[in-house]
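Below is one structure; the comments refer to it alone.
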Amino acid sequence: MSNDVEKNFRFYLAMSSRIRFVEIADANPNPSGSRDKQVIDLGDGSEVVYIPRFISRDQAWEWCEYLDKEIPWTRPSIHVFGRSCLQPRETCYIADEGLAAMRYSGYQPNAYSWDDYPILKDILKAVYEALPGSKFNTVLLNRYKSGSDYVAWHSDEDKLYGSTPEIASVSFGCEREFLLRKKPSKKPASRGAHQSNGKQHKGNTEQHAFVLKHGSLLLMKGYTQRDWVHSVPKRMKADSVRINLTFRCILT
Ligand SMILES: O=C(O)CCC(=O)C(=O)O
Ligand SMILES: [Fe+2]
């Protein structure tokens with residue numbers, strides 16, 4: 001990939017199932033300043049912040065190689081739609097002591113200690129520097145060994161995290177697409193509203209796509225988990241390992 005392309009932040013915006021590709025050149029040529037922070041207002045109190053060059057390239061490779069080698073990755077069995085299957089990516093979970101247990105898709109991961117993997121404390125420190133005032137006490141790690149590993153559409157909505165959780169996602173290695181799609185509204189459109197604008201919104205799904213770069217940080221905040229789902233789809237052309245860390249906070 002050329003440097004010019006690497007310097008640019010890409011995202012797709014899809015409205016009404018039509019995807020528009022939008023490429024934004026560096027707003028700030030000085031990477032040590034804002035590191036090209038992009039704030040995307042999803043509306044109705046949901047927001048995403050993307051910092052493509054959060055960690056320097058060399059530092060990110062060093063951390064990526066450490067995590068790839070040292071983390072005790074497992075590919076657990078999970079339950080989806082009443083059926084048991086192997087999770088389509090590998091995982092590991094780290095949490096402060098004494099927190100309520102985390103569970104998803106019928107699987108309760110063993111919680112390792114931060115002291116077992118001190119580099120995770122260094123990465124968390126970097127997250128705190130970029131996001132002053134934030135607080136995280138767990139991290140879920142995912143390893144996508146190839147383009148056939150993925151995470152299906154879901155939201156990380158859970159009482160454990162409260163109603164407006166902040167989830168900070170740090171990515172290493174192979175660039176993969178991260179999609180966000182608005183959940184269908186639970187409120188039926190009122191007759192009056194329908195008549196006044198003459199439009200139907202059935203099937204109009206709002207969607208955003210980010211190519212999450214090596215060393216990037218993406219923060220989901222506000223009502224993003226309540227109102228949106230996200231996924232990292234299979235990409236057969238992705239031919240190398242990607243590691244993703246999602247820092248979260250379990251309420252105490
Ligand atoms: O790998 C990613 O970028 C997202 C992972 C994710 O959504 C999750 O673990 O809940
Ligand atoms: Fe998630």
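Ligands are counted one by one from 1 in listed order, and the atoms in each one are counted from 1 as well.
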Report yes or no: does [X] have a heavy atom closer than 4.0 Å to ligand 1?
X: R248; answer: yes
X: R176; answer: no
X: R89; answer: no
X: Y144; answer: yes

[X]: numbered ligand 1 atoms lying under 4.0 Å from its heavy atoms:
X: H230; value: 7 (O)
X: L140; value: 9 (O)
X: D156; value: 10 (O)

- [ ] Quick one: sort the Y104 and Y107 rings into parallel, tilted or perpendicular, breaks at 30° and 60°.
- [x] perpendicular

Task: Number of protein N/O/S atoms that sit closer than 2.8 Å to the Fe ion (ligand 2) - done: 3

Open item on the list: I need the minimum non-hydrogen distance between Y150 and R89, along with the two atoms involved.
Closed with: O-NH1, 3.3 Å

- [ ] Have a look at L245 and tell me which of N142, L124, I123 forms a side chain to side chain contact (heavy atoms under 4.5 Å, CB included) with it.
- [x] I123

TODO: Could you tell me which residues satisfy side-chain hydrogen bond (donor to acceptor under 3.5 Å, both in side chains) with R226, sequence neighbours excluded, listed by chain and number?
DONE: none

Open item on the list: Membership question, hydrophobic clusters at under 4.5 Å side-chain separation (ILVMFWY): are I250 and V139 in the same one?
Closed with: no

